[in-house]
Structures are given as C-alpha cells and as structure tokens.
Engineer: 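Below: one structure in structure tokens.
All values reported here derive from a predicted model rather than from experimental measurement. What you see below is based on every heavy atom in this structure, not just the backbone, and it leaves out hydrogens, waters and symmetry mates.
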Amino acid sequence: MKARKIDFESEKIELQGYLRGKLHNHDITIQVIVNESVENKFAFTTQDKYNRLNQINPTLEVLKKTFDLDI
C-alpha cells in the first residue's frame, strides 16, 4: 500500500499542475490518505472459505452442528 502512495506522490505535482491549468484554479491541492488497515485475504482452501463465511454469518456453525456436516 505504501509503495502505491509513494508512486502517486511522485506524480502528484505533475497532475496537480495539469488540473490547475485545465480548470483555471490555482488553489487546487491533492491530499493522499491511505487506509492501511484494509487487507484483502483470499480463501484458497475449503477450511479458509468456511472460516470466512463463518465470520460473515456465525449461524453457519449451528447449521454445521445440526446436520453433522464436515468441511
């Protein structure tokens, strides 16, 4: 995530200059805010998929126990 911010920051001055010229507004500034707590995790195994679905809907565990299901 930080690498993307650094890449954007290096191009920000050029983008800001372009926008200021095209929009005839020299008060335009660009502020970059990165939310580093967001992570995308992908479930590859059936256990990972089950754990993810169980986080979304905890009643899945009740269904599994009621019908004595395996993963």
Engineer: Got more than 12 heavy atoms from elsewhere within 6.0 Å of CD, E14?
Structural biologist: no
Engineer: Can you measure from NZ (K22) to CD1 (I28) and round to the nearest 0.5 angstrom?
Structural biologist: 13.0 Å
Engineer: Go through it in stages, so that I can follow the logic: the residues are K49 and R52, the test is side-chain contact (heavy atoms from CB on, under 4.5 Å), and I'd like the CA-CA distance, side-chain angles, deciding distance and then a yes or no.
Structural biologist: CA-CA 5 Å; K49 290 177 186 178; R52 176 67 181 131; 5.8 Å; no
Engineer: Please determine whether residues L53 and L63 belong to a single hydrophobic cluster, defined as Ile, Leu, Val, Met, Phe, Trp and Tyr linked transitively by side-chain heavy-atom distances below 4.5 Å.
Structural biologist: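 Yes; L63 is reachable from L53 via cluster members.
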Engineer: Give me the atom names and distance for the closest heavy-atom approach of Q16 to I30.
Structural biologist: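 Distance-wise, the nearest heavy atoms are OE1-N, 3.5 Å.
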Engineer: Nearest 0.5 Å, please: how far is CD in E9 from CG in L15?
Structural biologist: 11.5 Å
Engineer: State, to 0.1 Å, how close H26 and R20 come at their nearest heavy-atom pair, and which atoms those are.
Structural biologist: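 Reported closest heavy-atom pair: O-NE, 3.6 Å.
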Engineer: K64 and side-chain contact (heavy atoms from CB on, under 4.5 Å): which single residue from T59, D70, L69, N54 fits?
Structural biologist: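 Among T59, D70, L69, N54, the one that satisfies the side-chain contact (heavy atoms from CB on, under 4.5 Å) with K64 is L69.
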Engineer: Assess, by modelled atom type and distance only, whether the side chains of N51 and Q55 contain a donor and an acceptor separated by less than 3.5 Å.
Structural biologist: no
Engineer: Quick check on the hydrophobic clustering: are I13 and V32 connected, directly or via other members, by side-chain heavy-atom contacts under 4.5 Å?
Structural biologist: no
Engineer: Grouping I, L, V, M, F, W and Y whenever their side-chain heavy atoms are under 4.5 Å apart, do Y50 and V62 come out in a common cluster?
Structural biologist: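 The answer is no; the residues belong to distinct hydrophobic clusters.
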